[in-house]
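Okay, structure first, notes after.
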Amino acid sequence: MQLFIDTADLDQIRTAYSWGTVDGVTTNPSHIAAAGGDPDELLAQIFSLVDGPVSVETVSLEADGIVREGRAIAALHRNAVVKVPVTVEGLKAVKRLAAESIHTNVTVCFSPLQAYLAAKSGATYISPFVHRTDLAGGDGLQLLRDIRAVYTRYGYATKILAASIRTAKEVQEALLAGADVVTAPFDILEGLYRHSLTDTVIARFLGDWKQVPPTRLFAEENLARYE
Ligand code: E4P
């Protein structure tokens, strides 16, 4: 399963990529607005930082406009993925973009039926909004499982990209539900590394290590930490 970072913040993208576990980026109009500055320059910098899929969202509401914007996004970089909301016009555009071999990420999905229609239209990714489904009284993780069941049963190759993630537990549950990708904000991704017991056990090991005589195994600067 791949991990994407859900942001347009360059520092966050740079740091997350340095970990070696992040595979791509999803942006949306709100992320680009929050990052500020010149959007063209911002996107150019994101593409230069990232060796993986970068979703950029269209803003037109009718198919012709979405196709035009999609072509412009695709021309930015070979890793560009055109993000399109799951509407009638959006899916008409997705079908046309797919015919031109342009990768798409169908977004703002809240039902297995929408995911089914997106797959039929040739979407590369479908983005079910997990946490927002829960906030609206639904079950975001069940939504992922249902989409997985439909895609597996009918052999759709569209990848399930779990979006609108707010907790580490949702990332874990998305893994178990069979998502192909999870996109999450920086703080959630960073939190995936942490567990209080890990810190406790490391502290105990390092405490015990102080009693071990010097070894040639480690560089002097490392040994100095324990003196
Ligand atoms: C995903 O691609 C979206 O950018 C993102 O997950 C939106 O979710 P949110 O607005 O609930 O954070």
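Atoms within each ligand, like the ligands themselves, are counted from 1 in listed order.
The proximity of Lys83 to ligand 1, defined as any non-hydrogen pair under 4.0 Å, is limited to the side chain.
Between Asp6 and Arg166 there is no salt bridge, since no side-chain nitrogen of the basic residue lies less than 4.0 Å from a carboxylate oxygen of the acidic one. A salt bridge is absent between Glu100 and Arg96: the closest approach of a Lys/Arg side-chain nitrogen to an acidic carboxylate oxygen does not fall below 4.0 angstrom.
For the pair Arg166 and ligand 1, the shortest N or O to N or O distance falls below 3.5 Å. Checked against a 3.5 angstrom limit, the closest N/O atoms of Ser127 and ligand 1 fall outside it. Residue Asn28 has at least one nitrogen or oxygen atom sitting less than 3.5 Å from a nitrogen or oxygen atom of ligand 1, judged on distance alone.
Tyr193 and Thr21 share a donor-acceptor pair across their side chains, judged by distance under 3.5 Å alone. Thr26 and Thr183 form a side-chain donor-acceptor contact under 3.5 Å, judged by distance and modelled atom types alone.
Contact analysis puts Asp6 in contact with ligand 1, with a non-hydrogen atom separation below 4.0 angstrom. Proximity of His131 to ligand 1 is not established, as no heavy-atom distance is less than 4.0 Å.
Protein heavy atom in closest approach to atom 10 (O) of ligand 1: Arg132 NH2, 2.8 Å.
Residue contact check: Ala163 has heavy atoms under 4.0 Å from atoms 1 (C), 6 (O) of ligand 1. Each of the atoms 5 (C), 6 (O), 8 (O), 9 (P), 11 (O) of ligand 1 lies under 4.0 Å from some heavy atom of Ser164. The ligand atoms of ligand 1 that sit less than 4.0 angstrom from a heavy atom of Phe129 are 3 (C), 7 (C), 8 (O).
For the pair Asn105 and Leu161, the minimum side-chain heavy-atom distance is below 4.5 Å.
Residue Phe110 shares its hydrophobic cluster (ILVMFWY side chains chained together at separations under 4.5 Å) with Val108, Phe129.
Applying the salt bridge (charged side-chain N to carboxylate O under 4.0 Å, His left out) definition to pairs two or more places apart or across chains, those involving residues 11-26 are Asp11-Arg14.
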